[in-house]
Each structure stands twice: as structure tokens, then as C-alpha cells.
Amino acid sequence: MEIEKNLKPRQGVVDLPDIDDSPGPYCMSFGFEPESLIASIKNVGLINPPYLIGNEDGPYMIVAGYRRIRALKVLHYERAPCLLLRKSQFSSLDCLHLNLHDNLATRRFNEVEKGMVLSRLTSLISEDEILDRYMPLLALPSHKETLLFYVRLERELEKEIKFSLAQGQLSLQVARMLLEVGSEARGGVFDLIKKLKLNINQQRQFIDYMIDISNIKRTPILDFLKEKSFKDILEKKDMNKPQKAKALLHFLRTLRYPTLVRAEETFRKRAASLGLPEGIKVSAPPYFESPLYRLEIFFRDGKELGSKLEALKGKEGLEALGNPWEEGA
Amino acid sequence: MPDSLIKMITIEEGASGYDLAKTVLENLPGIPVQEVKAPGKKSASTDTAMGKKTIHLLPYKGEFLKPCPGTREYICCGYQILNLGTNCPLDCSYCILQAYINQPHLRVFSNLTEGLAQAVQRIDRQPEQIFRIGTGELTDSLAIDPITRWSERLLPLFSTRKNVVLELKTKTNQVKSLLTSNYRDRIIISWSLNSPFICLHEEKMANGLKKRLEAARQCQMEGFTLGFHFDPLVQHPGWKDEYLKTLDLMADYIDPKGVIWISLGSFRFMPGLKPIIRRRHPQTCVLDGEFVTGLDGKMRYFKPIRIDLYSYIRETLEKWHSDLGLYLCMESDDVWQRSMGWSPNNTTGLSRYLDRRVLKIFG
Ligand code: SF4
């Protein structure tokens with residue numbers, strides 16, 4: 001957007017208490033770490049004045065520069081140079097544009113902020129225009145589904161979850177899954193993720209298991225979370241967080257894939273019972289989907305290989321290996 | 001599919017001049033018509049109904065007849081897909097078409113006559129090859145036949161060619177126009193069957209099992225060759241008893257000697273379909289099973305479960321009749337051996353087996 005010449009903002013110095021610094025309708029900042037901005041202002045002062053909108057004598061609303069105002073307040077500034085826009089001359093869309101381009105020029109939006117931009121735009125312009133013009137600006141595909149997802153993300157997810165997403169502690173995929181979990185159970189699921197410090201992969205697995213199991217058992221996730229088995233794992237005194245995370249995921253996997261887990265365990269037991277010489281390993285194909293099992297032999301030289309092969313040849317009970325669900329394999 | 005469910009016709013630029021467009025308009029009098037531009041990607045539907053009440057006429061720019069893509073990792077049947085349109089008015093919870101959310105509406109290709117001419121050219125150029133052709137991969141073959149009259153165009157064209165069989169696969173009882181047609185030779189009318197529980201809960205818009213089998217019986221009595229497809233087989237509580245009910249019903253309605261083949265395939269899906277199914281069909285049981293990543297990246301039941309499903313259905317069907325042309329859809333050699341007791345080894349082997357069935361039934 002270009003600001004028309006006769007509508008150019010007026011420069012002024014504004015008392016900070018006259019500025020409403022709550023994230024207003026144009027704010028597109030979320031989950032930022034103010035430290036570096038504070039340090040920069042401390043060193044060189046405010047380089048770009050924020051844009052404010054309001055009437056002659058305030059109070060002013062921030063159009064662009066929310067982070068800067070917050071930083072100035074932290075630094076106990078009393079007033080700041082600002083660019084002032086008149087309410088009568090700038091529509092909400094103008095203000096939103098201004099903020100958007102002000103931000104785009106200096107940084108990349110995080111996922112929550114993209115949701116904020118899109119969510120605000122949906123109430124001001126047509127969906128087609130958002131898809132055509134704004135999604136590419138945000139480096140998003142121009143798909144309606146993507147648009148709706150980002151809007152939901154902004155509107156439905158709780159602040160704490162959004163904060164984790166903005167910080168990169170949750171992936172976008174996990175945020176999507178959390179939306180599907182529903183608001184009643186989401187807090188509980190997220191608490192557990194935080195409590196056990198699940199990594200991104202574990203988070204995805206955890207939520208996936210929870211949704212599946214709750215569907216299979218026809219039990220709401222919230223009730224399922226209250227089950228004793230969860231508590232037992234979480235309260236284990238002899239386990240640290242990563243161990244508890246592993247135990248929890250194993251417990252859920254056993255519930256979700258009983259036949260597969262049983263097969264894996266049977267295979268492991270059978271392989272172990274062979275007592276193969278050191279440096280010889282047998283393994284099953286992923287999920288037993290391929291019919292081919294794998295033998296690995298580690299050796300230092302041909303002589304060692306020869307003796308290991310010899311030992312293997314004489315091994316009894318090899319026929320026990322094979323598909324673990326088959327009798328007598 | 002009652003045509004009364006169609007609420008709107010949209011005609012894409014360049015689609016209205018074709019005769020199929022005229023047929024559709026004639027068969028849907030009084031339904032509002034709207035001319036539209038070719039939709040771009042952005043017009044993806046998120047409408048949970050997927051625009052199933054709108055018929056969208058468009059010219060198809062690709063080849064109408066294409067070999068089923070199959071995968072290297074599993075044995076494919078060497079089928080040829082005749083693409084008449086995509087999407088389907090039925091709304092099975094497991095339907096793969098839900099993943100094509102970018103292309104909503106019942107899309108009907110209006111340049112069918114031209115597409116068929118091309119397809120026939122290809123068929124006639126290879127007289128030594130048997131073309132097993134089906135239209136039911138990206139839509140139900142008969143659900144909107146009263147509107148499109150596809151069968152009126154297809155039957156005369158394929159019935160008269162000696163190196164072709166045309167299979168129309170459906171979950172409906174829309175067989176009226178088939179029964180009034182004069183063509184029977186080299187035409188196979190097939191029904192997708194499932195357990196009564198799955199039909200009721202997961203194929204909500206399709207006709208019930210009895211209606212499908214009644215239609216099948218009618219077709220058989222009128223001289224059509226039949227096929228059946230148990231695909232997707234779904235593991236659900238009491239599945240053995242449930243599938244047995246279907247098999248018993250089949251035995252009541254159908255003469256097995258007039259069946260060219262019965263395929264078995266267990267539920268499989270690209271991982272991206274799962275959240276869509278969850279969103280569109282929150283009560284579904286089709287995702288309850290133990291799915292693992294297959295060699296082709298699709299999710300499929302853990303192998304012993306698949307073997308169990310196939311073995312049970314095979315054994316039961318074989319008690320009914322020993323020569324039903326049973327085959328597995330997209331399975332490994334290993335699973336074939338363990339559930340069917342033999343294996344065609346690869347796609348060529350399975351194609352040969354099915355070609356032999358064609359020769360046996362149609363000569
Ligand atoms: S009948 Fe086939 S194409 Fe139609 S919704 Fe069901 S699975 Fe999909």
C-alpha cells in the first residue's frame with residue numbers, strides 16, 4: 001500500500017501512557033523475544049518510529065511498532081517519536097496493510113503471526129483476494145484449506161500452545177493435530193507434552209496414539225488421560241523425563257498396535273534365545289512387511305568371518321526364526 | 001443415487017459444446033446451471049460435503065484410457081482405467097477421493113465421445129492384448145448413470161470388440177439402462193460388497209447390501225456376467241460373522257457359475273487421508289485397525305491381519321464354489337502364498353490369470 005501524499009502521517013512525540021499497548025486489531029506480533037530489540041534501542045535509540053492511529057489528543061492505538069513500544073516501556077522511556085495517522089483518513093484495511101508491509105520489510109512472520117494476519121484479513125476482504133494476494137506474501141500456498149487452517153490456528157488454539165508453536169517447540173503438524181483433539185482435551189494433552197518435554201517426533205506420535213485409542217475405545221481423550229496407567233508412568237520415581245516419555249509412548253503403542261508389538265517381542269525373544277555369537281545380529285524388516293529378514297555379521301578379517309560363519313552353521317534352532325505370528329516358525 | 005440430490009450444474013469454459021453436456025442438461029431439467037471458469041488450485045473445497053450436490057462439466061485434457069498405476073512393490077492386476085469423471089455422489093468414509101479435496105463436485109468429462117474414440121483407437125491397434133477396462137476407480141460406475149447415460153455410450157462400443165471386457169463397478173442398484181440395453185457380451189457388472197455393518201455405517205449413501213445383490217441377481221438373470229469386489233475389507237468387531245452374513249446372502253442371490261472374478265483387498269490409504277477421514281467421518285471404525293506403513297508408503301493392515309482377512313473370505317467363498325476367479329488386489333507374493341495358497345508371482349502373472357478368466361467366460 002502506498003500512503004497518499006495528502007494523507008501522509010504527521011510526525012509527533014507521544015507520551016507513552018497515551019498509547020494503548022494491548023495487542024490491538026492491527027498487531028501481528030506474537031511470541032517474540034524482546035531482548036535484542038531492547039538492546040538495540042538501548043544502544044542506538046529508536047530508529048524507526050512506530051505508527052499510531054487516533055484522534056488529535058489520543059489515546060492512540062498501535063498500527064505498526066507494537067514490539068518497539070513494548071521495548072520502550074521496558075526501558076522506562078516516557079515519550080517517543082511516532083508517526084500519527086488520523087482515524088478519519090485510514091481505514092482498518094489501510095492500517096493492516098501498513099503493519100503488514102512494515103513487518104514484511106524487516107522480518108519473517110512466525111506461524112501464529114501468519115494466522116493473525118489472515119484472520120484479520122478475512123473480516124475485511126474477500127477470500128479470493130486473500131488467496132491471490134496475501135498468501136504468497138506470507139509464503140503460503142494459495143489454498144483455501146491452508147487459509148482456514150491458519151485462521152483456526154489463531155482463533156482456536158490457546159495462548160500457551162500458540163506460544164510454543166511460535167517458539168518452534170511445537171511443529172505446525174502437531175498444532176494441526178491439537179486442533180483436531182478438541183478444546184476439552186487439548187489442555188491435558190499439551191500439559192503432558194510439556195511435562196515430559198516430548199520432542200517434535202514424540203509429540204506427533206503421542207497425539208496420534210491418543211486420538212486413535214480414544215476413537216477405538218470410544219472414550220474421550222480427557223477420560224483416557226485420567227486413567228491410572230498414565231499416572232503410574234508419570235509418577236515413577238526411578239525414571240527421569242526422557243525415560244518416562246519413552247515408557248508412555250511404549251505403553252500407548254502397545255495399546256494401539258497389540259498384534260504388532262506382540263510380534264516384535266516374540267521375534268526379539270526368539271532371536272535372543274538363539275544365543276548368536278557376538279557380532280552377529282538378526283533383524284526383522286520394518287513392520288514385517290517385506291518377507292526378508294536381515295543378518296548382519298561384524299568381523300575384523302576373513303579369518304574371523306570364517307569362524308563366525310562356521311559358528312552360525314552349527315547353530316541349532318535357526319528354524320525358529322521367521323514370521324513370529326506363525327506357529328513353529 | 002437419486003438425481004434429485006443434484007442441486008446445481010456448473011459448466012466450465014469449453015465444456016458446453018459436447019454432446020455429453022447436453023445429455024446431462026436434458027436429464028436434469030430445472031436444475032440451475034452456471035457457467036464457470038476453470039477453477040485454479042485456490043478454489044479447493046473445504047466443504048465437508050465436497051460439493052457432491054453439484055455436477056461440474058468440464059473437458060478432460062488427459063488420456064481417457066490409462067493403465068492402473070499400480071506399484072512395483074505389490075502385485076497389480078493390470079487393469080485399464082477409463083476415466084469418465086471423478087468424485088462420486090456416494091460418500092464412503094474410506095473413500096480415497098476425499099484426499100482430492102482440491103477438486104470438489106461430481107466432475108463429469110463432457111468430451112467423452114472424443115475421449116472414447118481415442119481409447120478405441122488404442123485398443124484396436126493392439127488386437128493381441130486383452131484390455132480389461134473399468135470405470136469405477138475414480139467414481140462409482142453407475143451412481144449417476146441416469147444423468148450421464150454413460151452406459152448407453154460404453155456398452156455398444158466395448159461389447160463389440162473382441163479384445164476388451166468392460167467392467168462397471170457399483171455400490172448401487174442403478175441398472176435400469178443396462179437392462180434395457182441389447183448388449184451383454186464382454187460386459188461385466190460388478191458390485192463392491194462389504195459386511196452389513198460396514199455397508200450400513202461406512203457406506204452410508206450407497207444402497208444396502210440386499211439392494212445391491214437384488215440388482216446383481218436381476219443383471220445375472222438378464223444375461224450379464226457378474227464380478228464382485230470385497231474391497232476394502234475392514235477388520236471390525238465380529239468381522240468374521242459379519243462377512244459371513246454377506247457371503248450367505250451372496251449364495252442366496254447369485255449363481256456362482258456366472259461370476260467372472262471376485263477380488264479381495266484390505267483397506268489401505270495414503271497417510272494424508274487419515275486426518276480427512278477423521279474430520280469428515282468422526283464416528284468411523286475404518287481407522288481402528290493396526291495400520292503400518294507398507295512398501296509403497298501406503299498404510300495397510302499389519303500383514304498377519306491381512307492374511308487372516310483374506311484366508312477367511314477365501315475359504316468361505318471356496319466352500320460356496322470352487323471356481324470364482326478369486327484374486328487379491330495390490331498384495332505381495334508373500335501374502336498371496338499365505339492366504340490364497342498360491343501366487344501369480346507378479347503383475348504379469350496376475351494379468352494372465354485374469355485374462356484366462358476372460359477367455360473362459362467370453363471366449
Ligand atoms: S462408491 Fe467408491 S468412489 Fe464413491 S464414495 Fe464410495 S469409495 Fe468413493
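Reckoned from all heavy atoms, side chains included, excluding hydrogens, waters and symmetry mates.
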Option in B/Thr293, B/Asp334, B/Ile307, B/Asp333 with maximal non-hydrogen atom pairs under 4.5 Å from chain A = B/Thr293
Considering residues, nucleotides and ligands other than A/Lys315, do more than 12 of their heavy atoms fall under 6.0 Å from its NZ?
-> yes
A/Leu312 atom CG: more than 12 heavy-atom contacts under 6.0 Å =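 Correct, the count exceeds 12.
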Min side-chain heavy-atom separation B/Phe302-A/Phe288 under 4.5 Å = yes
Does a side-chain heavy-atom distance below 4.5 Å link B/Cys285 with A/Arg218?
->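 Counting from C-beta outward, B/Cys285 and A/Arg218 do come under 4.5 Å.
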Bottom line for B/Gln283: the part with an atom under 4.5 Å from chain A's heavy atoms is backbone
Take atom OH of A/Tyr287 as the centre, draw a 6.0 Å sphere, and report whether it contains more than 12 heavy atoms from other residues, nucleotides or ligands.
->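 Atom OH in A/Tyr287 is not packed in, count stays at 12 or less.
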Do A/Pro258 and B/Glu290 come within less than 4.5 Å of each other through their side chains, counting heavy atoms only?
-> yes
Going by heavy atoms in the side chains, are B/Glu73 and A/Glu289 under 4.5 Å from each other?
->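 No, their side chains stay 4.5 Å or more apart.
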Atom pair CG/CG of A/Asp212 and B/Asp288 - distance to nearest 0.5 Å | 8.0 Å
Separation between CH2 of A/Trp325 and CD1 of B/Ile305, rounded to the nearest 0.5 Å = 10.0 Å
Looking at B/Arg306, B/Lys274, B/Arg300, B/Arg278, which makes the most heavy-atom pairs under 4.5 Å with chain A?
->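 Heavy-atom pair counts peak at B/Arg278.
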B/Pro304 versus chain A, the contacting section by heavy-atom distance below 4.5 Å =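 Both parts, backbone and side chain.
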Hey, are the side chains of A/Leu260 and B/Lys303 touching, using non-hydrogen atoms and a 4.5 Å cut-off?
-> no
Part of B/Leu287 within contact of chain A (heavy atom distance under 4.5 Å) | backbone
Sort out for me which of B/Gly289, B/Ser332, B/Pro282 touches chain A most, counting heavy-atom pairs under 4.5 Å.
-> B/Gly289
Does a side-chain N-to-carboxylate-O contact under 4.0 Å join A/Glu145 and B/Arg279?
-> yes
